[in-house]
Protein chains: 2
Amino acid sequence: MTVTPPSTAQENATEDWLHLDSQICFSLHAASRAFNGVYRVILKDLGLTYPQYLVMLVLWEQGTLPVKKLGEHLRLDSGTLSPLLKRLETAGLVRRERSARDERSVEVRLTEEGVALRDRALEVPRRIVTATGFDLAEIGALRERLDQLTAALDAAAAQELPGNR
Amino acid sequence: MTVTPPSTAQENATEDWLHLDSQICFSLHAASRAFNGVYRVILKDLGLTYPQYLVMLVLWEQGTLPVKKLGEHLRLDSGTLSPLLKRLETAGLVRRERSARDERSVEVRLTEEGVALRDRALEVPRRIVTATGFDLAEIGALRERLDQLTAALDAAAAQELPGNR
DNA sequence: CACAATTCAATTGGGCACAACTAAATGGCG
DNA sequence: CGCCATTTAGTTGTGCCCAATTGAATTGTG
């Protein structure tokens, strides 16, 4: 295999951690992509990608929003949203208009077509939940767990970056 | 808000599902990117991205492998792996050589530098586990959950695609 | 042996994520 | 008022993910 120095108990513990780490990061990476894959299949009928669907969910729920607010809901910046929104506009689902009050801001508004798409999207969640094979309680518990994880990771990243150690 | 027909009990249930769905997909998407962010910070010292780190983990554990096998371990295809491996080769961490036995196959082998990098990578898992704020048992449980989810989602995607319904 | 089907890696093209930068508008402060 | 820091979108560049295609090598079958 690979070259390793003769092991002490301490070093073995480190190796074990490496194993466990590899499992959790593989698992999360794989789960994320598996989810993405199922959404891809189900959303193909609607002509949406997964991230585009997330944007539409926010707009269906919140109505017209500036790009900034949209980014806060989704934790995405303009580098991701600008081209994505341009594609949604080309598809005729949203319009983008400079705010009159603040010329820096761009309001994203659903078109009639965009609003209408919601009806066809209503069946998506049922199909997704079915695909997971989990019941609602299990999904809720997992969601809670993931949110905890995200909060902890965000906090850690914030700490790691400035001090870099 | 958005235009919706007057609600029946059935329709309200559908709306509730839409909500729940939005929560689970947001959560997973966010967790995946949060993890990515922490790895990005921690791996910067090693000059690796998160997917490159996953590739190195497999090579450290399995030794020399053809691209095909690497892809099976990581569930990635050549479209993703070919350019990624080219970058690892440019970085001097791996070599790619056509197999003598089967000229179609390309063997990916760690260089001495690639092997040596493992020592510096040993501290990564500890820092990641710390960043999650979870203990080992919790991480194990979550990993198991995510693997269940991935298996179910893969099965569902396989079913959805052929019949497309 | 010859030919068709399969396997494997690479490439192309579309889309997402993020860092770094630009440019315009706004707001605060001397 | 005039200037500067901040805010907001957009652009550019790098890397990843996947679908579809290409091309070479191999395998199976008549």
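Below, chains carry the letters A, B, ... as their sequence lines are ordered, and counting in each starts from 1. A quick note: this is a predicted structure, and the numbers were derived from the prediction, not measured.
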Do the two ring centres, one from B:H29 and one from A:Y50, sit under 6.0 Å apart?
yes

Name the pairs: protein N/O against N/O of nucleotides 22-26 of chain C, kept only if under 3.5 Å.
from	atom 1	to	atom 2	distance (Å)
C:dT26	OP1	A:E103	N	3.3

Please check this pair: side chain of A:R109 against backbone of A:T64, looking for a donor-acceptor N/O pair closer than 3.5 Å.
no

Given the ring of B:F35, does B:R40 sit roughly above its face, with NZ or CZ under 6.0 Å from the centre of the six-membered ring and within 45° of the axis?
no

Hey, is the main chain of B:D102 close enough, under 3.5 Å, to the side chain of B:S105 for a donor-acceptor pair?
no

Measure the distance from CG on A:L70 to P on D:dT7 and round it to the nearest whole Å.
20 Å

How many Å lie between CZ on A:F35 and P on D:dC17, as a whole number?
18 Å

note: B:R40, atom CZ; D:dG15, atom C1'; distance rounded to Å ~ 10 Å

Interatomic distance where CG belongs to B:L74 and P belongs to D:dC18 [whole Å]:
11 Å

Looking only at D:dC16, D:dG10, C:dC16, the nucleotide nearest the B:T49 side chain is D:dC16

B:K68 NZ to D:dA24 P: how many Å, rounded?
20 Å

So does A:S105 get a side-chain nitrogen or oxygen closer than 4.0 Å to the phosphate oxygens (OP1/OP2) of D:dT7?
no

Establish, from distance only, whether the side-chain atoms of A:S32 and B:S32 form a donor-acceptor pair under 3.5 Å.
yes

Flag the pair B:K69 / B:V58 as yes when at least one side-chain heavy-atom distance between them is below 4.5 Å, and no otherwise.
no

Without decimals, in angstroms, what is the distance between B:H29 NE2 and C:dC16 P?
10 Å

Using only atom types and a distance under 3.5 Å, with no angle test, would you say the side chain of B:T111 pairs donor to acceptor with the backbone of B:L93?
yes

What I want to find out is whether A:R95 reaches A:E107 closely enough, with some N-O distance under 4.0 Å, to be called a salt bridge.
no

How many Å lie between CG on A:N36 and P on C:dG14, as a whole number?
19 Å

Checking side-chain contact (heavy atoms from CB on, under 4.5 Å) against B:V124, which of B:V129, B:L46, B:D45 comes through?
B:L46

Nearest-neighbour nucleotide for the B:V106 side chain, D:dG15, C:dA10, C:dG15 considered
C:dA10

Distance in angstrom units between B:E97 CD and C:dC8 C1', rounded
17 Å

Counting only heavy atoms and a strict 4.0 angstrom limit, can you tell me which residues of residues 76-88 of chain A come near DNA chain D?
A:S78, A:G79, A:S82, A:K86

Taking for each residue the nucleotide of DNA chain D with the nearest heavy atom, is it A:R96 or A:R33 whose nucleotide lies nearer the 5' end?
A:R96

